[in-house]
Amino acid sequence: MTTEQTSLDASHARTISDELVIEGRKLVKRYGHVVALDETDFEIRKGEVLAVIGDNGAGKSSLIQCLAGAVQPDEGELLIEGREAHLRSPVEARRLGIETVFQSLAVSPALDVASNIFLGREIRRKGIAGSVFRMLDKKRMRQEALGAMGELGLSTLQNVGQAVETLSGGQRQGVAVARAAAFGSKVVILDEPTAALGVKESGRVVKLIKDINSRGIPVVLISHNMPQIFEVADRVHIQRLGKRIALVETSQIDMADAVALMVGAKTPAQLGLESS
Amino acid sequence: MTTEQTSLDASHARTISDELVIEGRKLVKRYGHVVALDETDFEIRKGEVLAVIGDNGAGKSSLIQCLAGAVQPDEGELLIEGREAHLRSPVEARRLGIETVFQSLAVSPALDVASNIFLGREIRRKGIAGSVFRMLDKKRMRQEALGAMGELGLSTLQNVGQAVETLSGGQRQGVAVARAAAFGSKVVILDEPTAALGVKESGRVVKLIKDINSRGIPVVLISHNMPQIFEVADRVHIQRLGKRIALVETSQIDMADAVALMVGAKTPAQLGLESS
Amino acid sequence: NAAASSNSGEPLVGLVIKTQDNPFYVKMTEGAKAEAEELGYNLQVASGDGQSDVDSQIKAIENFTAQGAKAILVTPAGDGIIPAIQKAQQAGILVFAMDSPLGAASGIDGTFATDNLLAGQLVGEWAKEALGSTPARIATLDLSTDQIPVDVARNQGFLEGFGIDTADPTKMWDETDPRLVGHEVTDANEAGGRTGMEKLLQKDPTINLVYTINEPTAAGAYQAVQAAGLQDQITIVSVDGGCPGVKNVQQGIIAATSMQFPLEMSKQALQAVKAYLDDGTKPQNSEGLDFTNTGVTLVTDKPQDGIESEDTTWGLDQCWG
Amino acid sequence: MNISATDRQKDESPAVPAPKSPMGLVEIDSGRLTPLQWIERRMLSRPLIGPIAVLVLALIVFSIVSPNFGTLQNFSLILQQVQVIAMLGIAQTLVILTAGIDLSVASIMLLAQVVMGKLAVAVGLPVELALVLGILVGVACGAVNGLIVTRLNIPPFIATLGTLSIFYALNLFISDGESVPYAEVPPLFNWLGQGFQVFGTTFTFGQLLTILMFVLFAYILRSTAWGMHIYAVGDNLEAARLSGIRVNRVLMSVYIVAGLIIGVTAWLLIGRIGSISPTAGASYNLASITAVVIGGTSLFGGRGRIMGTLLGAVIVGVFSSGLSLAGFDNLWQEFTIGLLIIGAVAVDQRLRKIGR
Amino acid sequence: MNISATDRQKDESPAVPAPKSPMGLVEIDSGRLTPLQWIERRMLSRPLIGPIAVLVLALIVFSIVSPNFGTLQNFSLILQQVQVIAMLGIAQTLVILTAGIDLSVASIMLLAQVVMGKLAVAVGLPVELALVLGILVGVACGAVNGLIVTRLNIPPFIATLGTLSIFYALNLFISDGESVPYAEVPPLFNWLGQGFQVFGTTFTFGQLLTILMFVLFAYILRSTAWGMHIYAVGDNLEAARLSGIRVNRVLMSVYIVAGLIIGVTAWLLIGRIGSISPTAGASYNLASITAVVIGGTSLFGGRGRIMGTLLGAVIVGVFSSGLSLAGFDNLWQEFTIGLLIIGAVAVDQRLRKIGR
Ligand SMILES: Nc1ncnc2c1ncn2[C@@H]1O[C@H](COP(=O)(O)OP(=O)(O)OP(=O)(O)O)[C@@H](O)[C@H]1O
Ligand SMILES: Nc1ncnc2c1ncn2[C@@H]1O[C@H](COP(=O)(O)OP(=O)(O)OP(=O)(O)O)[C@@H](O)[C@H]1O
Ligand SMILES: [Mg+2]
Ligand SMILES: [Mg+2]
């Protein structure tokens with residue numbers, strides 16, 4: 001596949017090119033004597049939805065934390081659009097357009113929903129109120145936050161001025177997802193974004209992923225929900241014991257095989273896949 | 001149904017009686033101006049698996065927190081085996097044999113896995129070392145913890161002497177579930193126990209729920225995973241906007257209708273259910 | 001210079017002061033260092049952490065004992081240090097008290113101190129004369145609620161000198177004389193002096209005489225007096241004799257102060273150490289006192305008849321700091 | 001269902017009307033409140049309600065007990081008495097909002113003040129330059145604290161427990177423990193102690209500066225991104241970091257700005273006491289924390305209001321003045337301030353619980 | 001794959017062999033370590049490695065600098081000098097492990113001590129009874145702190161900032177600021193200051209008691225359920241509560257036991273200074289926290305070792321003694337202790353990072 005391909009799914013029209021947006025080579029991350037990432041590779045192409053699956057503790061979160069600048073790999077290199085990058089903090093990743101929903105959610109409990117969504121890139125007032133007195137435009141931030149939350153269909157949220165600590169588990173996850181969706185420009189990474197969400201809200205998130213992707217933005221999705229993955233992802237990255245053991249097109253593998261690989265019941269060789 | 005019924009599923013042999021283990025009547029819980037529980041009812045029968053479903057923010061966690069003594073309802077009454085009970089703390093609920101996995105997990109990050117599993121009911125050494133010097137039997141607790149974790153198939157866990165904060169999200173959830181499973185005697189309540197778990201581990205939890213239940217212990221399961229619920233639950237409690245809008249046998253409703261009720265697309269009356 | 005010269009050949013003399021944030025002890029230390037150099041002693045200094053920090057002083061005495069000091073000079077923060085002193089004496093070390101007496105019962109080898117009671121009396125007597133026939137409205141700005149001996153001696157001396165019945169002379173604030181308007185504690189610094197004075201004036205704006213525990217307190221009190229525009233009505237007296245204090249006397253901020261002589265104190269004490277080490281003679285107490293009085297002099301530019309005093313020109317020449 | 005819009009407000013800006021949820025499921029019943037209920041809710045949900053209640057109560061009681069207490073003159077005096085602690089309290093509040101604590105504020109102030117005095121009086125630099133350099137010493141000390149916290153990763157309590165001693169020792173070393181007397185203090189240094197008359201009562205420029213600083217920092221904390229980031233860092237450091245806030249930069253800036261405020265407070269202190277003293281206000285470390293705490297700011301970070309600190313400082317001043325006028329000994333004043341700390345925080349918590 | 005068994009140990013008990021995972025997927029490579037690597041890992045993963053390193057380094061340096069330093073006599077002396085702070089440190093450690101802090105330890109000690117003296121000397125009660133009642137005053141003060149923390153829900157820093165003043169004022173009120181002189185102190189009160197000779201060096205019963213108390217509480221914290229619950233409560237209060245721990249009961253018991261230890265320390269203090277003084281050791285509040293902190297216990301609760309506190313207290317004593325023997329002025333001693341606090345904690349953190 002060296003030419004651009006166009007998805008057959010019309011409602012999901014977009015182009016996937018061979019160009020890599022992010023590439024990780026032989027990434028290693030150790031925690032004391034625990035090896036969370038063991039020379040794992042990673043790649044995501046322009047325009048695609050990549051699912052990362054793997055057992056609990058396989059190193060999925062550790063991997064995306066490296067991509068998001070939240071932790072620094074001990075070894076290996078990271079290339080962003082072909083150029084070597086050292087992400088020393090989440091700020092740098094964000095500046096490069098990489099937006100992440102962490103498994104731990106990373107929301108500030110005492111701040112309200114709107115402040116959380118705009119944290120770190122607040123909107124200032126127009127005119128001298130904003131430029132000289134650096135005054136925030138709270139009204140506008142609230143309105144936009146309301147819109148972003150509404151997209152997710154979190155209808156029970158009563159007030160975007162409400163502190164995040166008073167939200168239910170699912171509402172909280174909604175805040176994190178809404179933030180990433182609103183700002184992602186180069187890549188959006190979601191670590192188990194639907195874990196605490198209800199059926200309807202999960203559906204909304206899947207739709208949101210498609211929306212983001214149809215804007216041409218590649219998405220990395222970590223999830224334990226296989227049907228969801230096979231609905232939305234173009235390729236699956238299978239992580240096992242700190243390594244990527246396979247990277248396959250969703251069209252070329254079925255769910256049962258993917259799970260079998262993930263838990264170690266089958267090897268890539270058995271399925272005729274080159275061990276990536 | 002006034003007579004005892006025996007499950008048809010042979011591998012899952014157990015009896016469900018009409019006797020209620022826990023009953024909640026018109027429970028109300030307010031947080032400031034937010035009404036989390038709005039005169040909701042609740043019941044679970046001896047020997048059954050009851051699923052609680054509902055949208056994010058519907059009040060599921062608030063409800064089971066009342067049953068577990070973690071919060072006190074503002075109004076309404078709670079009956080345990082027919083007698084009125086006021087659970088002023090989780091300790092009291094535990095003493096009555098109600099064991100809970102909270103959505104927030106409730107594990108102590110700096111303590112190791114074994115200590116977490118036995119927290120609050122540590123095992124002391126035999127002989128005077130235990131009775132006079134009150135010495136803990138750490139070795140035995142570690143061994144038993146290892147067994148409990150093994151049951152869940154969390155094979156990547158490297159050491160039960162490891163601090164919980166160094167575990168992955170799923171491993172952490174495993175610790176909480178293992179604890180409840182090991183100690184539950186009257187009721188086991190699980191608030192989204194598989195949210196962070198992988199496919200295999202989720203399967204193990206479903207099996208564990210069946211195991212617990214086959215010992216005659218009723219289980220309350222909160223989950224957004226419909227197939228899982230319909231696999232394991234006898235009845236479904238549908239929570240919506242702080243109220244129980246329906247309580248039905250899983251055999252008498254299909255998945256689509258349950259979801260429709262939950263999100264408000266259909267009303268119980270439309271489905272011919274008495275609004276409970 | 002961080003480390004003191006450690007001429008290990010010279011006999012070690014330890015000086016234990018109360019605190020290093022008070023220029024009185026800083027000067028005492030300087031005087032002792034100069035005199036020790038003269039006499040060929042290795043002088044080392046240790047300090048407590050406040051007016052009543054007994055524990056640090058015990059530590060310091062133990063450490064000097066362990067180092068084999070020949071003599072220890074200590075400004076006692078309380079009689080809690082007596083057992084430590086006795087242990088040092090048992091080890092054959094000469095121990096003198098400086099600045100405030102410990103009492104004869106302590107078995108101390110000698111004491112070189114300001115007569116703080118007298119220091120208070122001098123300003124008290126001067127104030128009585130200065131006020132003349134004006135009915136007195138008196139306030140005192142003391143150090144702390146802890147009833148520290150120096151604090152008590154100066155306060156009670158002042159009242160005695162003014163002719164007020166001090167009731168129990170070992171206690172402040174148990175007096176019932178109607179001329180006494182009130183008192184506040186100040187931590188003996190400017191901020192405490194000002195706030196204390198403001199509170200007292202709020203309570204009773206007719207105050208016309210203020211005794212202060214030391215000159216920084218007096219300086220702070222004056223700020224409050226000036227802000228209230230009462231500088232012509234109120235006379236402030238103090239005790240100490242530091243140079244900033246004497247300058248304030250010169251400016252008329254403080255009307256009179258009792259000067260003490262820390263440099264003299266160190267000098268006399270070290271000479272007594274030499275006398276003992278040379279031929280075993282111990283110092284004699286001043287007449288009628290259980291310590292060697294190292295002198296107090298009243299300094300004021302408004303001398304009163306029958307009361308001996310020096311002016312600020314003399315004071316600036318003699319002051320410390 | 002009867003879910004009403006929550007009135008919880010994170011700031012003092014006018015309430016934004018509770019938005020209708022996109023699915024229209026939420027009923028809003030604020031319209032159904034009686035005006036009294038409305039006022040009650042509005043007032044009780046304010047974070048400053050606790051300190052205000054304590055202050056009003058104290059003012060009433062002391063005014064009844066002592067006739068000299070309730071005068072404008074006395075209020076001005078009380079404000080002068082607490083202005084230094086209140087200003088240190090601004091610096092302390094900034095640090096505490098980031099979930100830190102600064103035990104060294106008083107040491108920094110003394111050091112900055114003594115440097116000003118040394119440079120102007122002993123070295124003979126121009127007074128303006130000495131003043132600026134003194135304030136910069138405050139900034140430098142703040143930066144040292146900030147570096148220890150952010151680079152060495154040492155908890156602020158420990159870092160400032162260390163620098164408390166270090167800065168105090170430097171202060172004594174430079175000053176030799178000696179004050180610069182009033183007559184030698186340059187007038188510029190004393191300027192903030194100068195006053196003007198309003199309604200026959202004296203107010204000082206220092207008081208004015210203190211109030212202005214509170215207004216300024218209330219604005220900054222409430223309405224700028226930097227202020228928001230301070231709350232976010234204190235609320236959950238890791239979440240703030242992952243949200244793309246440069247947490248170390250925010251922390252550094254907070255310690256540096258705190259140092260700047262403390263440097264200015266050194267100037268204020270000179271104006272207040274008239275001389276330059278190496279020991280005046282050494283006890284203000286804990287006093288500034290007390291003001292913050294009584295003002296309702298959480299020591300765990302992320303929650304609190306700068307105006308609470310002003311109230312907290314004033315409350316302590318009111319008690320100290322009121323008790324003294326009522327004839328209580330210093331011993332019992334100390335005792336009562338102890339009770340006050342506990343009581344004020346207890347009242348604050350109780351009221352907020354009702355208010356939600 | 002090369003995942004090795006983690007050596008992370010939560011306590012000092014002999015290492016439990018890393019269990020094979022039930023699925024046998026985990027390789028254990030400890031066997032492949034050279035003995036040196038093994039020792040290195042084992043040592044570095046210990047929580048006490050930081051304080052021990054600092055202590056050893058200080059001992060070596062000071063022994064070289066001053067010939068008088070490295071004697072058994074001097075070590076005994078240092079231990080006597082720090083015993084009171086170390087004992088208060090036990091109480092402080094218990095409280096800090098629950099994520100609290102006790103600013104009032106010294107005030108409680110002084111109050112207990114003064115009550116003992118008053119009852120025995122002025123009231124004339126039997127000495128044994130006076131002693132017990134004095135210790136009970138410590139217990140009562142601890143209970144007051146505990147009640148304020150658990151019933152009024154006031155953070156420990158604030159609660160004890162309040163009681164610090166309250167207990168100190170009571171102490172001055174009861175004693176009238178006066179000491180009971182050496183000659184009037186009953187021998188029983190002084191007993192812990194008595195000594196015995198070993199190898200020509202004097203040791204005191206107080207030292208012995210201090211060491212015994214450390215051993216006792218190290219055992220309790222490590223090997224009993226109560227100890228485990230203290231860690232759990234400090235680690236995450238809400239999780240502990242939901243796990244079925246009676247958190248308020250644990251907190252109350254900690255403050256009460258702390259009060260008991262402080263009561264006993266009052267007895268130790270009398271033995272140490274020979275008289276009963278209402279002001280001796282008022283500075284020990286921060287000193288006891290310093291010992292805990294240098295000993296590597298986290299101020300955020302849930303992590304730390306009681307033996308670290310002993311090491312912390314001894315380290316401060318060694319520095320103070322060593323610097324004084326080396327002829328440093330107190331000014332520079334204070335400066336150096338400030339650096340020590342920061343340096344010791346920085347070293348501790350660095351070593352632990354390597355050790356993992
Ligand atoms: N901060 C840490 N300290 C120590 N060990 C860690 C840390 N973070 C992760 N680990 C370990 O690294 C391994 C991989 O963890 P990671 O969180 O990446 O797994 P995961 O694939 O995301 O699992 P899950 O599906 O459960 O979220 C686990 O064994 C975990 O215990
Ligand atoms: N401590 C609290 N303070 C304020 N509001 C709260 C609190 N806990 C819950 N709520 C509110 O109560 C409502 C019900 O929350 P609850 O956690 O019970 O929902 P849930 O059904 O468990 O949702 P989820 O599936 O997302 O976990 C939500 O609107 C939530 O915002
Ligand atoms: Mg993960
Ligand atoms: Mg929930």
Side-chain angles (χ1 to χ4, degrees), chain D residues 96 99 101 103-104 107 144-145 147-149 151-173 176-177 285-287 289-290 292-294 298-300 329-350 353, chain E residues 96 99 101 103-104 107 144-145 147-149 151-173 176-177 285-287 289-290 292-294 298-300 329-350 353:
Chain D
I96 288 178
I101 198 160
L103 298 176
S104 71
S107 295
V144 168
N145 281 339
L147 284 174
I148 297 173
V149 169
R151 299 283 146 215
L152 297 182
N153 250 314
I154 291 184
F157 189 99
I158 300 174
T160 57
L161 184 65
T163 55
L164 156 72
S165 299
I166 294 173
F167 298 148
Y168 193 68
L170 287 177
N171 153 47
L172 290 182
F173 174 68
D176 246 345
N285 288 320
L286 282 188
I289 296 172
T290 302
V292 174
V293 155
I294 292 182
S298 161
L299 287 175
F300 303 111
D329 250 359
N330 293 84
L331 187 71
W332 296 109
Q333 287 183 33
E334 180 165 358
F335 184 88
T336 314
I337 301 289
L339 285 182
L340 170 67
I341 293 172
I342 296 166
V345 176
V347 166
D348 190 38
Q349 291 196 339
R350 187 55 51 95
K353 222 177 216 165
Chain E
I96 287 178
I101 197 158
L103 299 175
S104 71
S107 296
V144 168
N145 281 340
L147 285 173
I148 297 173
V149 169
R151 298 286 146 213
L152 297 182
N153 250 314
I154 290 185
F157 188 98
I158 300 174
T160 57
L161 183 66
T163 56
L164 157 73
S165 300
I166 294 174
F167 297 148
Y168 192 70
L170 287 177
N171 153 48
L172 288 181
F173 175 68
D176 243 344
N285 287 320
L286 283 187
I289 296 173
T290 302
V292 174
V293 155
I294 293 182
S298 161
L299 287 175
F300 303 111
D329 264 1
N330 273 79
L331 190 70
W332 297 109
Q333 284 184 34
E334 180 165 357
F335 186 88
T336 314
I337 301 287
L339 286 181
L340 170 66
I341 293 172
I342 295 166
V345 176
V347 166
D348 190 37
Q349 290 195 341
R350 187 55 51 95
K353 220 177 217 165

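For clarity, every value in this text was computed on a predicted model and none was experimentally measured. To find a chain, count down the sequence lines: A is the first, B the second, and so on, and within it residues start at 1.
- For chain D, the option among E:L172, E:L340, E:L152, E:L161 with the highest count of heavy-atom pairs below 4.5 Å is E:L161.
- The candidate from E:G162, E:G343, E:A159 with the greatest count of non-hydrogen atom pairs under 4.5 Å with chain D is E:G162.
- Only the side chain of E:I101 has a heavy atom closer than 4.5 Å to any heavy atom of chain D.
- Rounding to the nearest 0.5 angstrom, the gap separating the CD1 atom in D:I154 from the CD1 atom in E:I341 is 10.0 Å.
- With a 4.5 angstrom heavy-atom cutoff, D:A346 touches chain E via backbone and side-chain atoms both.
- Minimum heavy-atom separation, E:S165 to D:G338: CB-CA, 4.0 Å.
- Looking at E:L164, only its side chain comes within 4.5 Å of chain D, counting heavy atoms on both sides.
- Of the atoms belonging to E:F300, it is side-chain heavy atoms, and not backbone ones, that fall under 4.5 Å from chain D.
- Scanning both residues, E:F157 and E:L103, for their nearest heavy atoms gives O-CD1, 3.7 Å.
- For D:Y168, the part sitting under 4.5 Å from any heavy atom of chain E is the side chain, from C-beta outward, and nothing else.
- Of the listed residues E:T336, E:I158, E:V293, the one with more heavy-atom pairs under 4.5 angstrom with chain D than any other is E:I158.
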Notebook entry, point to check: Given the rule in the side chain to side chain donor-acceptor pair (under 3.5 Å) test, do D:T163 and D:N145 qualify, once you have shown the distances and angles that lead to the verdict?
Noted result: CA-CA 7 Å; D:T163 55; D:N145 281 339; 2.8 Å; yes

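- For a residue to count as touching a neighbouring chain, one of its non-hydrogen atoms must lie under 4.5 Å from one of that chain's; by this rule D:I337 does not touch chain E.
- Rounded to the nearest 0.5 angstrom, D:F167 CZ and E:F335 CZ are separated by 9.0 Å.
- If you measure heavy-atom distances from D:L299 to chain E, the contacts under 4.5 Å come from the side chain alone.
- For a residue to count as touching a neighbouring chain, one of its non-hydrogen atoms must lie under 4.5 Å from one of that chain's; by this rule E:T290 touches chain D with backbone and side chain alike.
- Separation of atoms CD1 (D:I166) and CG (D:N171) is listed at 13.5 Å; rounding is to 0.5 Å.
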